[in-house]
Visitor: 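Before anything else, here's the structure in question.
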Protein chains: 2
Amino acid sequence: MSQTVDRALGILPLLARGPADLGRVAESLGVHKSTALRLLRTLHEHGLVYRQPDQRYRLGARLIALAQEAVESLDVRGIAHPHLLALNERTGHTVHLAVREEDEVIYIDKVESRYPVRMYSRIGRPVATTVAAVAKLLLADLPEEERRATAARLDYPRYTARSTPDAASFLRELATVRAQGWATDLGGHEESINCVAAPVRGADGRVAAAMSLSAPNVVVTAEDLLALLPLVRRTAEAVSREYAGHTPRQGSASRKDAPR
Amino acid sequence: MSQTVDRALGILPLLARGPADLGRVAESLGVHKSTALRLLRTLHEHGLVYRQPDQRYRLGARLIALAQEAVESLDVRGIAHPHLLALNERTGHTVHLAVREEDEVIYIDKVESRYPVRMYSRIGRPVATTVAAVAKLLLADLPEEERRATAARLDYPRYTARSTPDAASFLRELATVRAQGWATDLGGHEESINCVAAPVRGADGRVAAAMSLSAPNVVVTAEDLLALLPLVRRTAEAVSREYAGHTPRQGSASRKDAPR
DNA sequence: AACGCATGTTGCAGATGACGCAACAACAGT
DNA sequence: ACTGTTGTTGCGTCATCTGCAACATGCGTT
């Protein structure tokens with residue numbers, strides 16, 4: 001809506017892929033160098049962008065600090081954390097907590113596996129929406145209409161042979177997940193990694209977050225992991241109770257629909 | 001420099017302190033609501049801001065993802081990480097890695113202590129510049145002039161009785177740190193927590209990052225922690241060698257001084 | 001119910017401020 | 001010394017951002 005801001009913000013994802021000099025930035029934006037310079041200076045003043053000794057620009061510390069505050073201010077996270085720790089304590093596996101936002105799902109907390117094998121994931125990293133167990137739970141909770149629209153918008157990368165191939169089968173999967181109240185990912189993202197997940201619900205009964213237990217084949221079989229499902233569900237329910245209690249400020253879902 | 005962008009970015013720290021509605025944002029910026037709306041919409045399109053079901057705005061997932069990419073793209077981090085793990089393995093204490101950027105110092109990696117007592121710190125959180133051991137190392141390396149200017153700009157909060165009280169004593173401390181090549185923080189931030197740190201140097205010999213070992217009094221005495229200093233220094237030197245090798249692209253420090 | 005109140009949203013005319021140009025400066029390499 | 005590359009500045013023009021005023025919507029009160 002605002003051209004200037006739009007351009008300025010366009011610089012950020014650009015720099016996220018690595019440092020760039022003024023020329024590159026200007027070129028990528030399709031603007032004159034002087035314009036790019038002005039925008040970069042403004043971003044710099046706010047600390048979102050940092051100028052390296054070699055004159056190139058990269059994302060700045062303030063951005064990282066902001067993001068940090070952002071995740072920490074999510075109250076589900078604080079409530080769930082001790083439960084995640086306990087779950088890790090009892091099972092030894094990697095525990096994740098994720099929330100949805102628009103079409104994206106991101107991890108907002110993680111407790112590492114006790115086993116030497118580490119998974120490739122990070123707090124703040126967007127989740128593979130079409131295959132991850134937590135993502136299925138979060139999307140399955142959307143109202144029918146929105147669920148279909150979202151499914152249509154998504155890409156369906158074939159990470160492995162068992163990845164969700166297209167919107168149709170994704171919607172079918174979501175229906176199942178919705179009905180059973182839990183989800184799995186059996187090698188859909190990385191061949192040898194399995195995952196079981198359960199939803200955290202808010203005071204209004206809607207799914208506010210999802211937690212999962214992940215482990216590679218080499219540590220436990222899919223069946224053994226599934227045997228832990230009841231524990232995961234109980235934990236998620238415990239978090240739900242606490243979260244719903246802590247959040248009466250949801251109240252009357254306000255306007256039925258965001259106007260326009 | 002660019003008014004519009006300036007205002008838009010001013011919204012971010014505002015929202016970092018918690019969700020806010022349109023009115024509040026407009027008021028804080030000192031602009032008309034319609035203006036604030038336009039800015040928020042632009043931020044929203046880029047995913048930096050998210051609109052909650054209750055219509056209020058908070059920081060968005062894309063921001064978090066960007067920050068994530070930002071820290072991961074720092075090459076010191078990747079090189080140092082295995083060394084940090086090893087250091088934690090051998091000592092059991094919390095290990096930090098930090099870099100400086102302008103007047104701020106932030107943690108970019110951390111390995112949690114094996115002991116039950118956890119420290120209050122987080123990747124991405126700005127470090128207490130005037131007391132933290134890693135901050136001292138990073139600032140001590142600045143050229144005299146800049147060091148003095150920086151010291152004058154900083155605030156000197158009295159976290160504890162042993163916190164650095166003012167610029168003068170901070171500069172004295174920096175001189176010591178510079179001479180000895182390592183730094184400590186003995187209860188300067190939190191009464192019962194001690195900390196020893198060593199610098200990671202780039203190909204040009206300048207301090208590029210700093211790593212530290214922290215532990216509360218109840219686990220080890222300050223002396224016992226100091227006994228681990230040689231190990232920390234050796235580790236930092238190992239990282240330095242690897243980092244300097246991996247970074248020939250520093251090359252000729254380019255322009256003597258950033259123009260203007 | 002009807003009312004006011006608070007909050008969010010839209011279209012518009014006017015003026016501010018952002019845009020690109022062109023010229024300059026500072027280096028690096030040949 | 002010359003040439004090419006990259007960053008920086010001042011400025012006139014015109015796009016674009018701004019604030020206003022009116023409308024929309026929901027909430028609580030009388």
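Small disclaimer: the values here were computed from a predicted structure and weren't measured. What's counted below: heavy atoms across the whole structure, side chains too, no hydrogens, waters or symmetry copies. Below, chain A is the first sequence line, B the second, and so on; all start at residue 1.
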Visitor: So which heavy atom on B:I106 is nearest to which on B:G124, and how close?
Guide: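 Nearest pair, atom of B:I106 first, then B:G124: CG2-O, 4.2 Å.
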Visitor: Please report, rounded to the nearest Å, how far the C1' atom of C:dT10 is from the CE atom of A:M1.
Guide: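 So the two atoms are 11 Å apart, to the nearest Å.
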Visitor: Could you grab the distance from atom CD1 of A:I79 to atom OG of A:S240, nearest 0.5 Å is fine?
Guide: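 The CD1 atom of A:I79 sits 10.0 Å away from the OG atom of A:S240.
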Visitor: Roughly, in whole Å, what's the span from CG in B:L22 to P in C:dG8?
Guide: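 Nearest whole value for this atom pair: 5 Å.
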Visitor: Below 3.5 Å between N/O atoms, which protein atoms pair up with nucleotides 19-21 of chain D? Just atom names and distances, please.
Guide:
residue	atom	partner	partner atom	Å
D:dG19	OP2	B:H32	N	3.4
D:dG19	OP2	B:T35	OG1	2.8
D:dG19	N7	B:S34	OG	3.1
D:dC20	N4	B:S34	OG	3.2

Visitor: So if I take every side-chain heavy atom of B:Q3 and compare against D:dT18, D:dT8, C:dT9, which nucleotide ends up nearest?
Guide: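 Comparing D:dT18, D:dT8, C:dT9 against the side chain of B:Q3, the answer is D:dT18.
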Visitor: Determine the contact category for B:R51: base if any of its heavy atoms lies under 4.0 Å from a base atom, sugar-phosphate if only primed atoms, P, OP1 or OP2 are that close, otherwise nothing.
Guide: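 Sugar-phosphate only.
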Visitor: Establish, with yes or no, whether the OP1 or OP2 oxygen of D:dT16 is under 4.0 angstrom from a side-chain nitrogen or oxygen of B:T4.
Guide: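 So the side-chain polar atoms of B:T4 never come under 4.0 Å of the phosphate oxygens OP1 or OP2 of D:dT16.
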Visitor: In whole angstrom, what separates A:D6's CG from D:dA15's C1'?
Guide: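 Taking atom C1' of D:dA15 as the reference, CG of A:D6 is at 15 Å.
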Visitor: In sequence, state the C-alpha distance, the side-chain angles, and the governing distance for B:R206 and B:D204, and then conclude on salt bridge (charged side-chain N to carboxylate O under 4.0 Å, His left out).
Guide: CA-CA 6 Å; B:R206 305 263 331 248; B:D204 51 3; 5.7 Å; no
Visitor: Quick one: on DNA chain C, does B:K33 or B:S2 contact a more 5' nucleotide (nearest heavy atom)?
Guide: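 By nearest-heavy-atom nucleotide position, the 5'-most residue is B:K33.
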Visitor: Distance-only criterion, 3.5 Å: show the donor-acceptor pairs between side-chain atoms of residues 132-139 of chain B and protein atoms not counting sequence neighbours.
Guide:
residue	atom	partner	partner atom	Å
B:K136	NZ	B:E173	OE2	3.1
B:K136	NZ	B:T184	O	2.7

